[in-house]
Asks: 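Below are the C-alpha cells for one structure; questions will follow.
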Amino acid sequence: MNTKKTIWDDLKDLPRNEKIEKETWQKIETKLSKPKYFINVLTGFVTIALVFLIFALLTSTSKEEMAIQQASEHVLESVYFLHDSEFDQFDVQPSSWYTFIRINDDEQILKEFQNQLTANKKVVAPQPSTIYLHGDYVDLILKYPNDSLKKYKVLLSEPGYIYDVDTKEWYFNDHPNFENTVYKLTREQFTSWLPMFVLFNAIFTTLAEKFLKRKYKVKKITYGGENTVAKYTIYGSTILLGFILFLFIFKQFVVHIFWILIIFAILLTINIMIESKYGQNKAAIYMLISSSIGLLLFVLFFTLNL
C-alpha cells in the first residue's frame with residue numbers, strides 16, 4: 001500500500017485559525033458587495049450623454065430635412081423618359097431598372113425645363129386628329145423630392161404640344177427654347193462601355209473555349225453528348241433565350257429586369273441539368289454558362305444603358 005503523502009494531504013495538516021479565516025472572508029465579502037460609486041456614476045453619465053446626443057442629432061437632422069423638403073418640394077429632381085411612344089400608350093416607370101427607361105438628373109437642364117413649363121397654356125387637341133393619334137411622342141415622368149410624380153407626353157412631330165396624362169388635357173408651350181430643351185432633356189447617350197464590352201466578351205469567349213478544349217482534351221465542344229433529344233433541347237433553349245432577349249431590344253418592351261433574369265435563370269438551369277446528365281465532360285457546362293452570361297450582359301448593357 002502506497003503511504004506517500006500528497007500535497008493535498010500536506011495542506012490538510014496545516015494549522016488553521018478559524019477566527020482569522022472568518023475575518024478574511026468577511027473582508028472579501030465586504031469588498032465584493034461594496035458599491036462602485038465612481039464607475040456607476042460614470043456609466044450613468046455616459047449613457048445619458050449618448051442618449052442626449054443621439055436625440056439632438058435626430059432632431060436636428062429631421063429639422064434640416066424638413067426645411068430642405070419644404071424649400072425644394074417643387075424643385076424637379078429627375079425625369080424618366082421613353083422615346084417612340086404612341087398616343088394611347090404610356091409605359092414609362094419611375095425606375096431605371098426597367099428596360100429602355102432612361103433618366104436625366106442634370107440639375108441645369110431640369111431647372112431650365114421646369115422654368116419653361118410655366119409657359120404652358122391649355123388648348124384643344126391638335127387638329128386634325130391624325131396629328132396626335134399617329135404622332136411621334138416622348139413620354140416623361142417628372143419626379144419631385146416629395147415623391148410626387150407628373151406624367152406628360154410631348155408631341156415631337158408638332159413641337160410645343162404637351163399632353164397631361166393625369167388630367168387628360170392638352171397644353172401648348174410657346175417658349176422659344178422649349179423644343180431644344182426637350183431634345184437636351186431626352187437625348188439618349190449610350191454608354192461608351194458597350195463596344196468595349198462586346199469586344200471583351202468576344203475575346204473572353206474565344207479564350208475560354210480554347211482553354212476548355214485544352215483542359216478536357218476535346219477537339220470540339222458539343223452539347224448534349226450522344227443523346228439527340230438532349231442536344232436539340234439545349235441548342236433549342238439557347239436559341240430561344242437569345243430570341244427572347246433580342247426581342248426586348250427590337251420591340252423595345254418595357255419590362256422589369258427581374259423578369260429577364262428569371263427567364264435566363266430558368267432556361268440556363270434546364271440546360272445545365274440536361275448537360276450534366278448526358279454530357280461527356282464539364283467543358284460544355286462551363287462553355288454554356290459563360291456564353292449565356294455573355295449574351296445576358298450584352299442585352300442588359302443595351303437595354304438598361306449601364
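By convention here, the first residue in the shown sequence is residue 1.
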Asks: Can Leu140 and Thr186 be said to form a side-chain contact (heavy atoms from CB on, under 4.5 Å), step by step?
Replies: CA-CA 9 Å; Leu140 309 177; Thr186 61; 3.6 Å; yes
Asks: Salt bridge or not between Lys184 and Glu112? Use side-chain N to carboxylate O under 4.0 Å.
Replies: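 Yes, this pair counts.
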Asks: Which heavy atom of Asp147 sits nearest a heavy atom of Lys143, and at what distance?
Replies: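 Here Asp147 and Lys143 meet closest at OD1-CE, 3.8 Å.
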Asks: Taking atom OH of Tyr163 as the centre, report whether more than 12 heavy atoms of other residues, nucleotides or ligands fall under 6.0 Å from it.
Replies: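 Yes, because the 6.0 Å sphere around OH of Tyr163 holds more than 12 heavy atoms from other groups.
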Asks: If Ile, Leu, Val, Met, Phe, Trp and Tyr residues are connected whenever their side-chain heavy atoms lie under 4.5 Å apart, and connections chain through other members, are Met287 and Ile239 in the same group?
Replies: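 No, no single cluster joins them.
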Asks: Do you know which of Lys217, Lys210, Glu209 makes side-chain contact (heavy atoms from CB on, under 4.5 Å) with Lys213?
Replies: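 It is Glu209; the other options fail the test.
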Asks: Taking the side chain as every heavy atom from C-beta outward, state whether Asp174 and Phe172 have any atom pair closer than 4.5 Å.
Replies: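 Answer yes - side chains close enough.
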Asks: Classify the ring geometry of His83 against Phe81: parallel below 30°, tilted from 30° to 60°, perpendicular beyond 60°.
Replies: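 Answer is perpendicular, since the angle exceeds 60°.
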Asks: Identify whether Met273 and Tyr286 are in the same connected component of the hydrophobic contact network (ILVMFWY, side-chain heavy atoms under 4.5 Å).
Replies: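 Not linked; separate clusters.
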Asks: Output the distance between atom CZ (Phe113) and atom CD1 (Ile109), rounded to the nearest 0.5 Å.
Replies: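 Rounded to the nearest 0.5 Å, the CZ-CD1 separation comes out at 11.5 Å.
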Asks: I need the minimum non-hydrogen distance between Asp166 and Leu149, along with the two atoms involved.
Replies: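 Closest pair (atom of Asp166, atom of Leu149, distance): OD2-O, 4.3 Å.
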Asks: With a 6.0 Å cut-off (strictly less than), is the heavy-atom count around CD of Glu169, excluding the residue itself, greater than 12?
Replies: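 More than 12 heavy atoms, drawn from other residues, nucleotides or ligands, come within 6.0 Å of this atom.
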Asks: Tyr223: what forms a ring pair (Phe, Tyr, Trp, His ring centres under 6.0 Å) with it, not counting sequence neighbours?
Replies: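 Tyr223 satisfies ring pair (Phe, Tyr, Trp, His ring centres under 6.0 Å) with Tyr235 once adjacent residues are dropped.
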Asks: Charged N to carboxylate O under 4.0 angstrom, Asp164 versus Lys151?
Replies: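 No, Asp164 and Lys151 are not salt-bridged.
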Asks: Which atom names give the shortest non-hydrogen contact between Thr233 and Asn271, and what distance separates them?
Replies: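 Taking every non-hydrogen atom into account, O-OD1, 4.1 Å.
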Asks: Do Lys150 and Ile141 make a side-chain contact, defined as non-hydrogen atoms from C-beta onward lying under 4.5 Å apart?
Replies: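 Side chain of Lys150 against side chain of Ile141, heavy atoms only: no contact under 4.5 Å found.
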Asks: When you group the ILVMFWY residues by side-chain heavy-atom contacts below 4.5 Å and let the links chain together, are Ile234 and Val218 in the same group?
Replies: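 Val218 and Ile234: one cluster.
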Asks: Under the side-chain hydrogen bond (donor to acceptor under 3.5 Å, both in side chains) rule, what pairs show up with a residue in residues 84-95, not counting sequence neighbours?
Replies: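 Listed once each, the pairs are Ser85-Asp139, Ser85-Lys153, Gln89-Asp91.
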Asks: In sequence, state the C-alpha distance, the side-chain angles, and the governing distance for Val154 and Asn173, and then conclude on side-chain contact (heavy atoms from CB on, under 4.5 Å).
Replies: CA-CA 10 Å; Val154 179; Asn173 192 297; over 6 Å; no
Asks: Assess whether side-chain contact (heavy atoms from CB on, under 4.5 Å) is satisfied between Thr238 and Leu240, documenting all intermediate values.
Replies: CA-CA 5 Å; Thr238 302; Leu240 177 62; over 6 Å; no
Asks: For a quick test of reading the model, state the closest non-hydrogen atom pair linking Gly135 to Ser157 and the distance between them.
Replies: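 Distance-wise, the nearest heavy atoms are CA-OG, 3.6 Å.
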Asks: Hey, are the side chains of Leu155 and Glu158 touching, using non-hydrogen atoms and a 4.5 Å cut-off?
Replies: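 Heavy-atom side-chain distance check passes, below 4.5 Å.
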Asks: Taking the ring of Tyr137 and the ring of Tyr132, is the distance between their centroids below 6.0 Å?
Replies: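 No, they do not, as the ring centres are separated by 6.0 Å or more.
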Asks: Rounded to the nearest 0.5 Å, what's the gap from CZ on Phe258 to CD1 on Ile263? Could you check?
Replies: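 These two atoms lie 10.5 Å from each other.
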Asks: Quick check: do Tyr80 and Arg102 have side-chain heavy atoms less than 4.5 Å from each other?
Replies: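 No, side chains not in contact.
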Asks: With no hydrogens and no angle check, is any side-chain donor or acceptor of Thr99 less than 3.5 Å from a backbone partner on Gln252?
Replies: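 Here the side-chain-to-backbone pair does not exist.
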Asks: If you look at every heavy atom in Ala284 and Ile221, which pair is closest and at what distance?
Replies: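 Between these two residues, the closest heavy atoms are CA-CG2, 3.7 Å.
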Asks: Within this structure, what is the OG-CG distance for the pair Ser78 and Leu110, rounded to the nearest 0.5 Å?
Replies: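 Result: 7.0 Å between the selected atoms.
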Asks: Just so I know, are the side chains of Val254 and Leu82 near enough to count as touching, which here means a heavy-atom distance under 4.5 Å?
Replies: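 Yes, their side chains come closer than 4.5 Å.
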Asks: Take atom OH of Tyr216 as the centre, draw a 6.0 Å sphere, and report whether it contains more than 12 heavy atoms from other residues, nucleotides or ligands.
Replies: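 Result for OH/Tyr216: enclosed.
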Asks: Would you say Ile272 ends up clustered with Val229 if hydrophobic residues are merged whenever their side chains have heavy atoms under 4.5 Å apart, either directly or through other cluster members?
Replies: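 Val229 and Ile272: separate clusters.
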Asks: Linking I/L/V/M/F/W/Y whenever their side-chain heavy atoms sit closer than 4.5 Å, directly or via other members, would Trp97 and Phe264 fall into one cluster?
Replies: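 As far as the 4.5 Å side-chain criterion goes, Phe264 and Trp97 are connected within one cluster.
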Asks: Any side-chain heavy-atom pair from Tyr171 and Lys122 closer than 4.5 angstrom?
Replies: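 In contact.
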Asks: Quick check for you: to the nearest 0.5 Å, what is the distance between Phe253 atom CZ and Ile260 atom CD1?
Replies: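 Phe253 CZ to Ile260 CD1: 11.5 Å, rounded to 0.5 Å.
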Asks: Please check: side-chain N/O of Thr118 versus main-chain N/O of Asn115, any donor-acceptor pairing under 3.5 Å?
Replies: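 Yes, the answer is positive, given that a donor and an acceptor are paired below the 3.5 Å cut-off.
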Asks: Decide side-chain contact (heavy atoms from CB on, under 4.5 Å) for Val92 and Tyr98; before the verdict, give the C-alpha distance in whole Å, the side-chain angles of both, and the deciding distance to 0.1 Å.
Replies: CA-CA 9 Å; Val92 185; Tyr98 285 82; over 6 Å; no
Asks: Using modelled atom types and a 3.5 Å cut-off, is there a donor and acceptor pairing between side-chain atoms of Glu179 and backbone atoms of Pro159?
Replies: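 Between the backbone of Pro159 and the side chain of Glu179 there is no qualifying donor-acceptor contact (under 3.5 Å).
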Asks: Tell me, do Leu76 and Val79 make a side-chain contact under 4.5 Å, heavy atoms counted?
Replies: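 They are in side-chain contact.
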Asks: Would you give the length of the straight line joining atom CZ of Phe211 to atom CZ of Phe204, rounded to the nearest 0.5 angstrom?
Replies: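 The CZ atom of Phe211 sits 10.5 Å away from the CZ atom of Phe204.
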Asks: Taking all non-hydrogen atoms of both residues into account, name the closest pair between Phe178 and Gln116 and its distance.
Replies: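 For Phe178 versus Gln116, the nearest heavy atoms are CA-OE1, 3.2 Å.
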Asks: Rounded to the nearest 0.5 Å, what separates atom CZ in Phe87 from atom CG in Asp136?
Replies: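 With rounding to 0.5 Å, CZ (Phe87) is 14.0 Å from CG (Asp136).
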Asks: Going by the rule side-chain hydrogen bond (donor to acceptor under 3.5 Å, both in side chains), which residues pair with Gln127 if we only count those two or more places apart in sequence or in a different chain?
Replies: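 With sequence neighbours excluded, Gln127 shows a side-chain hydrogen bond (donor to acceptor under 3.5 Å, both in side chains) to no residue whatsoever.
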